[in-house]
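Side chains included, hydrogens not; waters and symmetry mates left out as well; all remaining heavy atoms used. Chain A is the first sequence line, chain B the second, and so forth, proteins listed ahead of strands; every chain is numbered from 1. What you see is a predicted model, and the numbers here were worked out from it, not measured in a lab.
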Amino acid sequence: MFSSIEDQNRAGAPQNMLPLAAGSRLNKGKPTYLICRTVRSGQRFEYPGNAVVMGDIHPGGEVVASGHVIVMGTLKGVVHAGAEGDENAVVLAFRLQPIQLRIAGYITRAPDNEGDFDSGEPEIARVQDEAIIIDKYHPGTEKRWLTKSLKQEEVEQNG
Amino acid sequence: MGEVIVITSGKGGVGKTTTTANLGAGLASLGKKVVLVDTDIGLRNLDVVMGLENRIVYDLVDVVEGRCRLKQALIKDKRLESLYLLPANQTRDKSAINRQQMIKLTEQLREDYDFVLIDCPAGIEGGFKNAVAGAEQALVVTTPEVAAVRDADRIIGLLEADDVEALRLIINRLRPDMVRKGDMMDIEDIMEILAIDLLGVVPEDEYIVVSTNRGEPAVLGGHSKAGQAYHNISRRLLGEEVPFLNWETGNGIMARLKRLIGLG
């Protein structure tokens, strides 16, 4: 599903995209991409791995990744994490106010007529009991979610 | 078979999208089955004006490129049962679709809906040509400004060349007070230049700003002047004879009173 080269060219962004070390502890085997820019309306980034946005995602902007998505800013656009079906993928944002949020095959949207809701703190979205839930983000606890697939792999390998 | 109507203007910012949203809501509230098609690929707005942005999963380009079925891309309005929206894609540009695809799409839609309203992008290039491809009727939106009327005239010429049969005019953002003072083009001036049937006049109304920002078409909310005007235009689209309001013709009660006492 990733026609990523074409998509990146369209957004005019490859120079801002730095793949981190492949196989980092975040999500084994998947590279992590760094998007060093504000994702504006009409821009779409699609990556086969994790994505970290160093900036905001504006309404109408889209980030699609097969792994986790972390936004070091305000997420007001659309993010699809685990786009290839990974239900363990999470979306973590400094301010999580998405128009729409997708994780694997699950989709959720902002409630109607409530305007911008600002919880005032970082939040993390993940799939639990066949639905996307949003939790307050406590530093440290992300390991539980971000390294889940890694731990599972270790368990599988060891026994 | 439903009617396929394109809402166009040439110039940007005269109210095509607002008109599309309000006439769609107006027709649907009068019991018709309506689908709105946003053809402004890359600069979509209709979903925001309708307050349906958060529901978009598939769009017009996904449909024509076969990534989803038409029914999957249609978004049902949150207020009206019989109103649907086919949103534009935001990440592509006007060349993502062509005329044949639009003709095929409108043929498909008109089988299920009484009205297919197409929101046209500004300009006269590819996006405009795609939008008018499947339309048999056009509503030309203009404002009482020389530049907007000039562009509307150009658009009418292009529509006539494209064999769009029924052309009707909507004059938007008219300020009766300025017309009375002679500071703004009046309806007769505009009709004289454009020489097509007048379908309705929408007054300048602050409530449009409020309703647009809230994502609720003005025609549904309360009793604003613009909402009333759009309601009347919707009824005229259904073939009803609806008399023009006083301020639409510039013969308001105040104007008549002033004329009586020699001020007008």
Side-chain angles (χ1 to χ4, degrees), chain A residues 1-13 35 37-47 51 57-65 75-83 91 96-117 125 132 134, chain B residues 17 21 25 38-62 65-68 72-73 75-81 83 85 87-97 121-122 127 209-218 220-222:
Chain A
M1 72 171 289
F2 294 104
S3 53
S4 52
I5 290 169
E6 190 195 324
D7 285 315
Q8 286 157 18
N9 285 342
R10 199 152 61 217
I35 305 168
R37 63 187 289 168
T38 302
V39 180
R40 292 181 186 275
S41 181
Q43 294 175 331
R44 178 184 166 98
F45 293 86
E46 236 179 273
Y47 296 123
I57 304 179
H58 287 188
E62 258 182 271
V63 172
V64 178
L75 163 51
K76 289 191 172 181
V78 176
V79 161
H80 191 173
V91 179
L96 192 68
Q97 302 161 355
I99 284 176
Q100 209 181 72
L101 204 57
R102 305 175 194 162
I103 298 177
Y106 298 94
I107 182 164
T108 185
R109 62 174 167 82
D112 290 319
N113 309 322
E114 281 190 23
D116 277 353
F117 173 76
I132 296 177
I134 293 172
Chain B
T17 301
D38 190 351
T39 59
D40 203 348
I41 298 167
L43 286 169
R44 72 174 179 210
N45 288 136
L46 190 52
D47 53 308
V48 181
V49 172
M50 298 290 296
L52 300 173
E53 188 184 11
N54 57 8
R55 288 161 168 77
I56 297 177
V57 178
Y58 295 112
D59 55 52
L60 175 63
V61 176
D62 291 322
E65 290 182 353
R67 269 192 297 276
C68 70
Q72 289 178 295
I75 299 169
K76 191 180 187 176
D77 185 69
K78 55 187 173 189
R79 297 146 293 233
L80 295 159
E81 284 285 307
L83 181 61
L85 168 72
N89 184 295
Q90 180 72 334
T91 56
R92 307 281 292 272
D93 60 39
K94 309 293 191 256
S95 62
I97 56 169
V209 180
V210 179
S211 71
T212 303
N213 288 345
R214 279 195 200 144
E216 294 168 359
L220 299 177

Enquirer: So if I apply the side chain to side chain contact (heavy atoms under 4.5 Å, CB included) rule between Asn54(B) and each of Ile99(A), Leu101(A), Val78(A), which one comes out positive?
Expert: Ile99(A)
Enquirer: Heavy-atom pairs under 4.5 Å with chain A - which of Leu52(B), Val57(B), Asp47(B) has more of them than the others?
Expert: Val57(B)
Enquirer: Begin from the C-alpha positions of Arg214(B) and Asp112(A) and carry the test salt bridge (charged side-chain N to carboxylate O under 4.0 Å, His left out) through to its verdict.
Expert: CA-CA 10 Å; Arg214(B) 279 195 200 144; Asp112(A) 290 319; over 6 Å; no
Enquirer: Please find the pair of heavy atoms, one from Glu53(B) and one from Pro59(A), that lie closest to each other, and give the distance.
Expert: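 Glu53(B) and Pro59(A) have their closest heavy atoms at OE2-CB, 4.1 Å.
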Enquirer: Rounded to the nearest 0.5 Å, what's the gap from CD on Gln90(B) to CZ on Arg44(A)? Could you check?
Expert: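 Rounded to the nearest 0.5 Å, the CD-CZ separation comes out at 12.0 Å.
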Enquirer: Examine distances only and state if a side-chain atom of Gln100(A) and a backbone atom of Ile56(B) form a donor-acceptor pair shorter than 3.5 Å.
Expert: yes
Enquirer: Determine, step by step, whether Thr91(B) and Glu62(A) satisfy the side chain to side chain donor-acceptor pair (under 3.5 Å) criterion, reporting the C-alpha distance in whole Å, the side-chain angles of both residues, the deciding distance to 0.1 Å, and the verdict.
Expert: CA-CA 9 Å; Thr91(B) 56; Glu62(A) 258 182 271; 5.4 Å; no
